Protein chains: 2
Amino acid sequence: MTTPTAAPRAFAEKLGGAPHSKASLRLWLRLLSCSMIIERRVRARLEEEFETTLPRFDVLAALEREPDGLTMSQLSAALLVSNGNITGIVNRLIEELLVIRTAESEDKRIATVRLTRKGRETFQRMARKHEEWVDKMFAGVTDTQMEQLMKLLATVRHSIDENPV
Amino acid sequence: MTTPTAAPRAFAEKLGGAPHSKASLRLWLRLLSCSMIIERRVRARLEEEFETTLPRFDVLAALEREPDGLTMSQLSAALLVSNGNITGIVNRLIEELLVIRTAESEDKRIATVRLTRKGRETFQRMARKHEEWVDKMFAGVTDTQMEQLMKLLATVRHSIDENPV
DNA sequence: AGTCGAAAGTTGACACTTAAAATATTTCGC
DNA sequence: GCGAAATATTTTAAGTGTCAACTTTCGACT
């Protein structure tokens, strides 16, 4: 079982342009490489220790916070992925007996997905480990630096939102 | 033509743990969401304006800096993806007449991939646009903030490298 | 009552990703 | 020289991701 991960996207363009422009590119590449490295580590650990994948872990995480379950559409909205994508991931989680999908609403179109007990227990073990891994990777960053990063990344996020390309 | 993108991985675990641990998780999620949003935008623009994908763009970018071409293995090393992955992407670029793959070395195992003239011209148009998009998304971030981010992300990178999980 | 459109989900075609197996070629030890 | 290890690449199986087309169901309107 394996999971895909994006490549070190679009490194080093080195085209002419204003200094700000070049700095933007460099920053983007550094941002990307940081998050990709962390993501790869997490994927690899999930695979090694739990024989699972990040998307499945994400679905379990979303369900863990909703004892009443979520519909397929709510799941795809929560994870920001397409509807058809969720279908496949949930199907695999069903095979693993980690979730169940029922049609109990009066509206027969709606399918509700819930964690099974096994799913809840499995997820909790995964989540503990996941937290450990992330914490360890950030061990060399001080609290002050993390705070600064949180603020700066919020600025980036606002900039992105307000400058649609 | 479309390209996959990772989901908003593993949001909000909210398990017990030291404050640093929770802060790490939050920072990780913010980092991830920032880079995912930018990456999605870039993918969408590449698709709309050039009917291409980010992996193909990445391969063209790697080749553009090597007039003598790269072997398949060099390409996969440059992009940090698997060997088999490169095979498929290069095949599509060949179909689009953007690159050529030749076996001109005395070692017949080695395939050398080069940009065609069309590939070079196409990539340059893409790269200009790519730079514009990124620059625009970072328009709301000052030079000082970008500088701080570069430094802090370097710290994160070191932390990751020195704390293997 | 009957129809028409919107909404929820699934399916299919294609792209990308990995790891592992298979293929082809070279190199090295004897 | 010849067979085994090493190297370069492709192929394969499984998972993830998109979008578009399709099915089923619901709601609303005539």
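Each chain gets a letter, A, B and so on, in the order the sequences are listed, and its residues count up from 1. In this text the structure is predicted, and so the values were computed from the model without any measurement.
Whole-Å rounding puts the A:Asp58 CG to D:dT16 C1' distance at 12 Å. Per the geometry, CD belonging to A:Glu95 stands 11 Å off P belonging to D:dT16, to the nearest Å. Whole-Å rounding puts the A:Glu51 CD to C:dA19 C1' distance at 14 Å. In this structure, A:Leu80 places its CG atom 13 Å from C1' of D:dG17, rounding to the nearest Å. One interatomic measurement links the two molecules: CD1 of A:Ile86 to P of D:dC19, which rounds to 14 Å at whole-angstrom precision. In this structure, the CZ atom of B:Phe57 is 17 Å from the C1' atom of C:dC16, given to the nearest Å. Whole-Å rounding puts the B:Glu47 CD to D:dT18 P distance at 13 Å. B:Lys108 has its NZ atom 11 Å from the P atom of C:dT27, to the nearest Å.
Checked against D:dA8, C:dT18, D:dT18, the side chain of B:Arg40 finds its nearest nucleotide in D:dT18. Which of D:dC26, C:dA15, D:dG15 sits closest to the side chain of A:Arg56 comes down to D:dG15. Taking every side-chain heavy atom of B:Thr87 into account, D:dT11 is the closest of D:dA8, D:dT11, C:dT25. Residue A:Arg109 has its side chain nearest to C:dA7 when only C:dA7, C:dG9, C:dC16 are considered.
Taken from OG1 in B:Thr116 to CD in B:Glu96, the straight-line distance is 10.5 Å, to the nearest 0.5 Å.
Put simply, A:Ser73 has a side-chain N or O that comes within less than 4.0 Å of OP1 or OP2 on C:dG9. OP1 or OP2 of C:dG9 has not a single side-chain nitrogen or oxygen of A:Arg101 nearer than 4.0 Å. Between A:Asn85 and D:dT16 there is no side-chain polar atom (N or O) within less than 4.0 angstrom of OP1 or OP2.
Heavy atoms of B:Ser82 sit under 4.0 angstrom from at least one base atom. Within 4.0 Å of B:Gly88, counting heavy atoms only, lies no atom of the nucleic acid at all. B:Ile89 comes within contact range of the sugar-phosphate backbone alone, with a heavy-atom separation under 4.0 Å but no base atom that close. Within 4.0 Å (heavy atoms only), B:Asn83 reaches at least one base atom of the nucleic acid. Residue contacts for A:Arg92: at a heavy-atom cut-off of 4.0 Å it reaches a base atom on one of the strands shown. Backbone-only engagement by A:Glu106 is indicated by non-hydrogen atom pairs under 4.0 Å involving sugar-phosphate atoms exclusively.
For NZ of B:Lys129, the number of neighbouring non-hydrogen atoms (other residues, nucleotides, ligands) closer than 6.0 Å is 12 at most.
Proximity of a side-chain donor or acceptor of B:Arg101 to a complementary backbone N or O of B:Ala111 within less than 3.5 Å is not detected.
The residues B:Glu121 and B:Lys118 are annotated as not salt-bridged, no charged nitrogen and carboxylate oxygen being separated by less than 4.0 angstrom. Taking the charged nitrogens against the carboxylate oxygens, A:Arg45 and A:Glu48 do have a contact shorter than 4.0 Å, which makes a salt bridge. Using a 4.0 Å cut-off between charged nitrogen and carboxylate oxygen, B:Arg43 and B:Glu47 do not count as a salt-bridge pair.
Heavy-atom distances to DNA chain D give each of B:Asp107 and B:Asn91 a nearest nucleotide, and the one nearer the 5′ end belongs to B:Asp107.
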